[in-house]
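Take a look at the structure below.
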Amino acid sequence: MPPDTHGHAVNSPETTAAWRALEAHHRQVAGLHLRQLFADDPGRFKRFSVEAGDLFLDYSKNRITAETMPLLAALARERGVAEAAAAMFRGDKVNASEGRAALHTALRSRDKAPLMVDGVDIRAAVARELKRLNAWAGEIIHGGRRGLRNTRFRDVVNLGIGGSHLGPLMAAEALRPYQRTGIRAHFVANADPADLAQTLEPLDPASTLFIVTSKTFTTQETLANAERARQWLKQKSSGGNPARHFAAVTANASAALDFGIPAESVFEMWDWVGGRYSLWSAVGLPLVLAIGPEHFAELLEGGHVMDQHFSSAALEGNMPVILALLGVWYHNFFGAQTHAVLAYEENLKHLPAYLQQLDMESNGKRVTRDGGPIAVSTGPVLWGGTGTSCQHAFMQLLHQGGRLIPLDFLLGKKGHHAPAAQQQMLIAHCLAQAEALMRGRTAEETEAEMRAAGVPAARRRALAPHRAFPGNNPSNLLLYPRLTPRVLGQIIALYEHKIFVQAAVWGNNPFDQWGVELGKQLAGALLDELRGATPSAHDASTLGLLARLRSKPENK
Ligand code: F6P
């Protein structure tokens, strides 16, 4: 990222010539309808689709013409996207506000050449740690390392939040068909005591292993849950030593040791990997335990496949770049505030939550990497769900709500479960939604359909406005052969790089998250005040609520 690593100022993107050219282009094409674009260009599908590794992206249902993509690519060029990517891959301190590199790509790299960070070859360190982790996990899986009363571990509970939770949670669910080690993975994140209590209810302490995952090892929620987990084990183990039921994944090993976790069970969470990019590190331990080290290696391999594509393909044929630029196109030029991700794959049900953190914590920023204002909006509100369930919940608004909501469909050609006919039903519905959003239904079509069905004229007139809608809602469709660990790795890395490219375009640092600090700080003070300390200077609303909460009998 040349501007901040070399001390140049980062300007706001709308100041660039490419941005102005896109504004002018937008004025020309904003009124075009996708139906017409398809009718005019029989080669549209071929022109606007791209393959990378095992993934195929159809982006032809976007409100773009043959001129749009070169103009967007020119923006990427002017914003130094390729240079920024090269800087990230080679370990420059692209996370300037925290003075760190962002080397999640090194965790899945197959390159052997040394990669130095602060004088240390991290390639060798990563390989060593992965080997140690796999050996440790192997002992758990095969029963060499056991719990109280020599019991084999059967359940692993990850205690972590945000990036120390969502990645392994999402991936464990996505790869459920690969969970064959006999160890069930559970995930507890919330400060709400219900989360841990309800997770532990059916579990046997003797066969339950806890992983405390926290980069800082200072996160209040995680430490509170870890402490309660320890109490639970102590109470249920009649004096046995629960230390062997704990592992930690952290960049703050000394705090984990102080907590009482044995050094051999403390794994590295690298300083140069952001929490939300850390699934590829020991943060994946619950996943390793559930799917086994070989499948975890395939996930890493998938990430590497996408890294190679991202770092070598020309901008115009680069899948993460294309997705990123289309996102900018809608967010900044069409004013679309949100972006939806709809996976037609039940096992990807946690993908939207995972991508929410990845995208919104990375790009929800208002200043450039060097602290100047960004005059345009960054980071869309990301949301989503799984198909076909979403069709019976929120799709109505996408079809007729009148908002422009660009979306990504994710679709596997094959599933892991029979019957194949039902997989085809799933596929048909996914294609149907994309087509319906794009086409809409005209008044003439509505009229013809009702006339054919024998609906009387007066009723036809009354229903026409309800049944017709404009369509022209854009979508991408990401097609993959089957959701294997390797494919999942490619999908995650695809979105990581998409977000990175958007950050390069907007000029923000995607690897810090200063915005979440204030809430943490205030919560610390408020907790003391709820427990009886004299309230500090708060607004009248907060003071009023505090007073009500403190006066409740159950809080006394
Ligand atoms: O919510 C802020 C945040 O710092 C995230 O970026 C991070 O993933 C999460 O908290 C958990 O942090 P830690 O791994 O240090 O417990």
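Predicted model, so just to flag it, every value in this text is computed and none were measured. Atoms within each ligand, like the ligands themselves, are counted from 1 in listed order.
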Original post:
Are Asp512 and Asn95 close enough that a side-chain donor and a side-chain acceptor fall under 3.5 Å?
Top reply: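 Short answer, no.
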
**OP:** May I ask you to check whether Gln231 and Gln235 show a side-chain donor-acceptor distance below 3.5 Å?
**Re:**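 Checked: Gln231/Gln235 side chains show no N/O donor-acceptor pair below 3.5 Å.
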
**OP:** May I ask you to test the Trp136-Phe267 pair for a side-chain heavy-atom distance under 4.5 Å?
**Re:**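 Yes - at least one pair of side-chain heavy atoms lies under 4.5 Å apart.
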
Subject >> Protein residues that have a heavy atom under 4.0 Å from any atom of ligand 1, sorted by chain and number >> reply: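 Contacting ligand 1 under 4.0 Å are Ile161, Gly162, Gly163, Ser164, Ser214, Lys215, Thr216, Thr219, Gln357, Glu361, Gln513, Val516, Lys520.
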
**OP:** Answer yes when Arg132 and Glu264 have at least one side-chain N-carboxylate O distance shorter than 4.0 Å, and no when they do not.
**Re:**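 No salt bridge links Arg132 with Glu264.
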
Original post:
Quick one: CG on Leu107 to CG on Asp307, what's the gap to the nearest 0.5 Å?
Top reply: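 It is 10.0 Å, given to the nearest 0.5 Å.
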
**OP:** Under the side-chain contact (heavy atoms from CB on, under 4.5 Å) rule, collect the residues that match up with Asp195, sequence neighbours excluded.
**Re:**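 Asp195: side-chain contact (heavy atoms from CB on, under 4.5 Å) contacts with Val188, Ala189, Asn190, Thr199.
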
